[in-house]
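Quick note: numbers below take in every heavy atom, side chains included, and nothing from hydrogens, waters or symmetry partners. Order of the sequence lines fixes the chain letters, A, B, ..., with proteins taken first and strands second; residue numbering starts at 1 for each chain.
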Amino acid sequence: MHGPKEPSPPNPSPDSESLVKRLAGPSTTKAGLAKDQSEINRVIAEASKGSKFYENEKRKDRDLTDRIEKILKYRDEVLRGVDIRSVEQGVDQLLVKLEAQRDLSQAIVHVDMDAFYASVELLDNPALQGKAFAVGKGVLTTASYEARKFGVRSGMAAFIAKKLCPDLILVENRFHRYSEMSKRIMDIFRRYDPDMCAAGCDEGYLNITAYCADHRLTPAECVQQMRDSVREETKLTVSAGIAPNKMLAKICSDKNKPNGQYELEFEPRAIKAFMHDLSIRKVPGVGRVNERLLDSIGIKTCGDIYTHRGILALMDKQFGLHFLLQAFLGIASNVVQPGQREERKSIGAERTFTPLADTNRILQKLEEIAAELESDMEHGGWTGKTVTLKFKLDTYQVFTRAKSFDRWVSTKKEDLFAIGKELLIPELPLTIRLIGLRVTKLKDLRAELDSKVNGIKRFFQSAEPSSPRKRRRIDTEDVGDLPDEIEDMQLSQDGFMEVMPGFHEDNEADEDDMHASAPADDDDDPIAVKKQHLDRQATPAPNKPAFTRPRPPMSAPAPSLASTSTSPFMKPTSHKQRSARTAQGPSRHSSSAEPEARPSRFPTLAHPGAPEATAIDADAEEHTCPICGRSMCTDNQGLNAHIDFCLSKSAIREAQAAASIDIGQKLMPSARPSGSAPGFGKPKPEKKVRARKR
DNA sequence: GCGGATCAC
DNA sequence: TATGGTGATCCGC
């Protein structure tokens, strides 16, 4: 289009080093990088140039640069007139205390499938063997090792990947397949630790201490055997790391990837030596931003943490001293537990689309999201008290708007849509490329159901078989015998979760339900889609006997490594939000300007179509079944029998249908009950460590 | 409690 | 020809 030799200005504002690196994506440093990363980065920056995405990255890069500048200024201030030596001595004492908490008694393994999605695709299509190919459509979820040589990475836009590797073959995701394989693999892992913790669909943590003792194996032998089993049974390869805690094991699993394993010596000296030269970026929890932040004060490796311990202590707020000291020492949690359903904190759905400015079209997207969320919530058996709307402008700036309620939010799509609409409308007009809804302050309806049913059964069982009570009014006094949840039921009102919407999902029965997608991918991958039904594993069926693996007796103290969370660093002291109006930013409506601008009431929520309340109809002569909501004239025995019947899958389905709950034909993946988060140093109520001598 | 940010997968 | 989705956590306000 232009003439040959476009004499463009010699240097049209060259991208800063940090920006070029940022554009290269988050998974550059963590994975095996290609030989000439800077050339690759140049190509990426070139291909991105001028796009809105690029401009947004540039903005974020600028913001971070400003933030660092402020931090450095603050550092200089804080250093004035401080005896850094004495500060360092204080830190040294803290290090001694931390060191005393080191626990080397457990053999922890991190297993990580090699290029999982790509390997599965290869398995099903051998023609891809040896080819540079990638999985994904608009954005890649993973790339074959051949493709990685070109700099193709997960998370990368497909068109960029094509520029780096013109012959790249693109394969679409088949999440159903990945879930299937994931399940098989996890089952193999569970033979070695029934309490293993899945972290996404392609990796997990195990405590093999007991298994090794019981089978007289060294950890390395055990892991080799496990990896052999996976390979034999699935034709897929897995890498593994063996170490005394989860953080170290995770770092180690990357050491001999692909198809390799690495064991770290269980000795403080060896561990500290291992950490000393390790890039700080390898520490889980240190991402691109914190890497740059730390770099600004001279910290690139974990060994540098000690060198700069003085300033880190003085700026604990900014950097998170405790977290970094633990990284320096190589100390972290060694507790491996399967994900608990109760741990779930939120459930949501979001979707990207071609930017829309038309209100009606935007609302249509919102409605679709509401429908997805309804499905997920009902399948999962969740409700909550806070709804958060998320939207991303065509400038890639992201905003959230939330609203909390006193009551449990209805999971009906009409209601979710109405709430979302109320949050969104005041912000318009805007041009939006993503919209999402999330519900927090969750309540686990499934657990509530269990407790309710059991409570009711206990209640009636404890009563005289045919006592005069049976016809008595069951009022609040009597309710005192019942779990609190039952009272909740009665208190619920229109528009909000009554009780038991349609949920209680059927297990193995419907294959279609398994279409869920899979998450995390290999090595360095930032890409993940909705998780699969790990519910099954995480929430054992009520009657399923607890697996009794020979657990070592508890004796060792919990390794108190609790400490901080995964996000140890802080933001700039006062990073003021860019002014609302500028750049098409949405307004912070009514916060202070017009306090009573809108009624806080929620008119649209009351939906007449709501399923009849399942509250216990205490006043009636007859009983109302807490499961299906039907009334019936019967005695306690009869009610009991009915409840049992009602609990059967088919009966529950029937109850749902009767309650006119439209439980999706929609094949929405049911959400995973969290619990896969490794959490290296969470102060979570981790159970005691299983102590066992190695 | 809300909104922005960071991170993992 | 157009850079993802789910969930968690922290911080300042």
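- Atom P of nucleotide B:dC7 and atom CD1 of A:Ile280 are separated by 12 Å, given to the nearest angstrom.
- Put simply, A:Arg288 has no side-chain N or O that comes within less than 4.0 Å of OP1 or OP2 on B:dC7.
- For A:Arg438, the side-chain atoms get nearest to C:dG7 when compared with the rest of C:dG7, B:dA5, C:dT3.
- Counting any heavy atom pair closer than 4.0 Å across all strands shown, A:Leu434 reaches sugar-phosphate atoms only and no base atom.
- To the nearest angstrom, C1' of B:dG4 lies 12 Å from CZ of A:Phe391.
- For B:dA5, the OP1/OP2 oxygens have no side-chain nitrogen or oxygen of A:Arg59 closer than 4.0 Å.
- Taking 4.0 angstrom as the limit, A:Thr388 places none of its side-chain polar atoms (N or O) nearer than this to OP1 or OP2 of B:dC2.
- At whole-Å resolution of the value, CG in A:Leu293 and C1' in C:dC10 are 14 Å apart.
- At a threshold of 4.0 angstrom between heavy atoms, the contacts of A:Ser48 include nucleobase atoms, whether or not backbone atoms are also involved.
- Taking side-chain N and O atoms only, A:Thr352 has a distance below 4.0 Å to OP1 or OP2 of C:dG5.
- Under the side-chain contact (heavy atoms from CB on, under 4.5 Å) criterion, A:Arg177 pairs with A:Val120, A:Leu123, A:Asp124, A:Arg174, A:Glu180, A:Met181, not counting sequence neighbours.
- Residue A:Met377 contributes atom CE, which lies 15 Å from atom C1' of C:dG7 at whole-angstrom precision.
- You'll find the side chain of A:Arg446 reaches within 4.5 Å of the side chain of A:Arg341, heavy atoms only.
- For the pair A:Leu442 and A:Ile347, the minimum side-chain heavy-atom distance is below 4.5 Å.
- Remark: A:Lys137 pairs with no residue by the side chain to side chain donor-acceptor pair (under 3.5 Å) rule, at least two apart or across chains.
- By the 4.5 Å heavy-atom criterion applied to side chains, A:Ser182 and A:Phe116 are counted as neighbours.
- The separation between A:Leu389 atom CG and B:dG3 atom C1' is 12 Å, rounded to whole Å.
- For A:Arg433 and C:dT3, the shortest distance from a side-chain N or O to OP1 or OP2 is below 4.0 Å.
- Donor-acceptor pairing under 3.5 Å, judged by distance alone, is absent between the side chain of A:Ser346 and the base of C:dT6.
- Listed nucleotides C:dA8, C:dT6, B:dC2 differ in distance to A:Lys345; the shortest reach to its side chain belongs to C:dA8.
- In the set C:dT3, B:dC7, B:dC2, the nucleotide with an atom closest to the side chain of A:Val289 is B:dC7.
- OP1 and OP2 of B:dT6 both lie 4.0 Å or more from every side-chain N or O belonging to A:Asn290.
- Residue order along DNA chain B, read from the 5' end via each residue's closest nucleotide, puts A:Arg22 first among A:Arg22 and A:His110.
- Distance A:Met247 CE to B:dC7 P: 17 Å, rounded to the nearest Å.
- The aromatic rings of A:Tyr178 and A:Tyr117 lie parallel to each other, with less than 30° between the two planes, well short of the 60° mark.
- In the set C:dG5, B:dC2, C:dT3, C:dT3 carries the atom at the smallest distance from any side-chain atom of A:Ala157.
- Using a 4.0 Å heavy-atom cutoff across all strands shown, A:Ser404 reaches sugar-phosphate atoms only and no base atom.
- Residues A:Glu350 and A:Tyr396 each lie close to DNA chain C; by heavy-atom proximity, the contact nearer the 5' end of the strand is made by A:Tyr396.
- In this structure, A:Phe399 atom CZ and B:dC2 atom C1' are separated by 14 Å, rounded to whole Å.
- Using a 4.0 Å cut-off, no side-chain N or O of A:Arg401 falls inside it from OP1 or OP2 of B:dC2.
- Regarding A:Leu423, its CG atom lies at a distance of 15 Å from the P atom of B:dG1, rounded to whole Å.
- Contact annotation for A:Lys441: backbone-only contact, meaning every heavy-atom pair under 4.0 Å involves sugar-phosphate atoms and none involves a base.
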